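Here the structure is laid out as structure tokens; the discussion comes afterwards.
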2 protein chains.
Amino acid sequence: MGDKPVKNMDEFAALSGISRPTISKYFNDPNSVRASTRQKIETALAGYDYRPNIYAINQNRRLTKNIGIVVPYLADPFFAEIARMLERRCFEAGFTPSVFSSHGETSNEKAILDTLRSIKPAGVLLAPLGRLSDITYLKDFCADVPTVLFDSNIEGVGAAFIGSDNRSFVSQTIEYMSRTGDAPCLFEMRNPANPNANKRRHAYVEMMKRLGLDPQIVAIDGTGWAFEEIGRQGALKLLRDNLLPTNSVLCSNDRLAIGFLSACHELGIKVGRDAGCTLRLASHDDHPYSRFTCPALTTAAHDYESVSSHAVETLFRLIDAGGKLKRREETLFAARLIMRASA
Amino acid sequence: MGDKPVKNMDEFAALSGISRPTISKYFNDPNSVRASTRQKIETALAGYDYRPNIYAINQNRRLTKNIGIVVPYLADPFFAEIARMLERRCFEAGFTPSVFSSHGETSNEKAILDTLRSIKPAGVLLAPLGRLSDITYLKDFCADVPTVLFDSNIEGVGAAFIGSDNRSFVSQTIEYMSRTGDAPCLFEMRNPANPNANKRRHAYVEMMKRLGLDPQIVAIDGTGWAFEEIGRQGALKLLRDNLLPTNSVLCSNDRLAIGFLSACHELGIKVGRDAGCTLRLASHDDHPYSRFTCPALTTAAHDYESVSSHAVETLFRLIDAGGKLKRREETLFAARLIMRASA
DNA sequence: ACATTTATTTTACGCGCGTAAAGTTTTTTT
DNA sequence: AAAAAAACTTTACGCGCGTAAAATAAATGT
């Protein structure tokens, strides 16, 4: 990098001995100019401190190179992880990703969509809040901006959805638990905000019936995104009052399970498959912390890699196609069972 | 919100019956125009779908309303939390915050600073990587862009630093542990990337000496930001080989402690202050997950509220002052001891 | 009611770059 | 070496808005 600051493209063009339109062409695609020309430009670039004004660029381009990445709750390491992978992939493809978090609130999600409109992004990767989303608002947005949904599906919204196959999660955990011990009851929130939770419940009921077993659902109260605390309080109550129908428990997701384990420890209940343990606990998501819980959580893992790469690829395809796909696509990736000490 | 889309400010000015320069003034500060004029504009705004083009605005303004928020590792819920608070406060003040994560890598941190330069932000709130930061690069950046550091201090970089008082953390945990049992050894990484770790070590040694006790430091190997795994591996080795000098352990931070607890559970070592426990463990940071560990972690909590509000206030003051403060400011907030079951 | 202050309108220019058109040079093709 | 194709230069316009200056209008003070 050079040090002498250059104000604008005209000045840089003069300094490099190349005309401004060619310089402009170079910055849009370095390979679109002759090799000898590119060489001259890059030599000049090394000697002077010039970078094109991004605002002037975006004002004049019909489409920016911005990509919005929206997650419902960034303080959840699961979403932080996937946002990071999406971000990296967009960046590698020459786009400028920006990460936004709805922080679990409808108003924030809407405000983010407004912000996104104003930055005129080439496309958006959106993991919606789910039940708390303003569906009409999302739909209007997706009608104007090329959008791919991930994690939580909302029927008919966005040009595509990429996520995990909840039936695959549940069938693997149930199969494993019922093979190695009692079949589990399902521990979940009564009114889950996330549509995946509903799909998991349905899959649980269906799978249990198929195995000729009696589905038993334990629903706990609580709202918001503090799942650990909700799981903990719910479990404390259940365990104290001895309301658990089985000694095998399947949590709808790992964050609830983390709270559940916390309650077990407080009450002196040993969890695991070892002798001396009175409870087995499994869960879903393979949350980044699930291997550090006590005991480590047996869980079904998302295929992070596939979800993120396919989501990004789909978005690029959507952008190339001018914002419309022939029909709405839905892609689900299977889970992978991770056996640890808790079940 | 109206529905008829309006292309530009000229068109909107005509529709609202107000001249364009006044409309421009209104969007820069709605209170800078007469109440009756504001009324007319807002009526028109309700009837039409117009929003100023942010790229045209920022091209012409000397200073944008953008604020960059940079954290070293967003997948760490601690940073996710503080980023969220900073973000909200900037937004409330009428700025447009953008959150970036260095993901623990020098190259990313530098790339983020480059990106920030190109969006010409009014100011930046930066939590640097620490030892891995390219100091010269940071310094150059801070010379051009009004920047306030938080969390990790780097001497002489940025116009101000706002963080937590590491001595306050350590003195409280040591005082508590040595009052209620044996004085603790310090469990930490051998080459911590974060400068706070070094400050905590110094504070530990000083505090122990002051109490007439023998400081004992247990340093474990490991690099990167996977602190839980590093703590876990380190603890497994120490516990198996019986190398721990005391049965009271003070972890440099909660994430190491989470790994430590995981190792204890695996080896069947009971942690806590109850009868039957053979080890006490305390830590620092009050990580969002520290109350869900088994047992729940006794830790020293950051004053998140004060740090974030003071950081933002300082940045605004810096911006108002034109990017320079009389002298570099350093503000530290005291910790608050959170007693839980682990010690 | 008049002078004074404050707000608005009119006019006009500039920001930095995308991009189109026409002409010129360089490279590739045969 | 001539013809064709590709890349480049020159010229010029437009994007949507900030902002300055001068003229005009409205609100405020006495």
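Everything numeric in this text was worked out from a predicted model, so none of it was measured. The sequence lines fix the lettering, A, B, ..., with proteins before strands; numbering per chain opens at 1.
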Atom pairs under 3.5 Å, N or O on each side, protein against nucleotides 6-11 of chain C: can you list them with distances?
residue	atom	partner	partner atom	Å
C:dT8	OP1	B:Arg34	N	2.8
C:dT8	OP1	B:Thr37	OG1	2.5
C:dT9	OP2	B:Ser19	N	3.1
C:dT9	OP2	B:Ser19	OG	2.7
C:dT9	OP2	B:Thr22	OG1	2.8

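- Between A:Glu109 and A:Ser133, the side chains place a donor N or O and an acceptor N or O closer than 3.5 Å (distance only, hydrogens not considered).
- Checked options A:Ile57, A:Asn53, A:Asn58; the residue passing with A:Tyr55 is A:Asn53 (criterion: side-chain contact (heavy atoms from CB on, under 4.5 Å)).
- To the nearest 0.5 angstrom, B:Lys25 atom NZ is 4.5 Å from B:Ser32 atom OG.
- A ring-centre distance under 6.0 Å is not found for B:His302 and B:Phe333.
- Positionally, the nearest nucleotide of DNA chain C for B:Asn60 lies more toward the 5' end than for the other of B:Asn60 and A:Ser24.
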Determine all donor-acceptor pairs shorter than 3.5 Å in which one atom belongs to a side chain in residues 155-163 of chain B; sequence neighbours excluded.
none

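- Ring centers of B:Phe12 and B:Tyr50: under 6.0 Å apart, within the cut-off.
- Across all strands shown, B:Tyr50 has heavy atoms under 4.0 Å from sugar-phosphate atoms exclusively, and none from any base.
- Between the side chains of A:Ser308 and A:Arg89, at least one donor N or O lies within less than 3.5 Å of an accepting N or O.
- Relative ring orientation between A:Phe316 and A:Phe95 is described as parallel, the plane-to-plane angle staying below 30° on a 0-90° scale split at 30° and 60°.
- Nucleotides of DNA chain D lying under 4.0 Å from heavy atoms of chain A occupy a range whose first and last members, 5' to 3', are D:dA7 to D:dG16.
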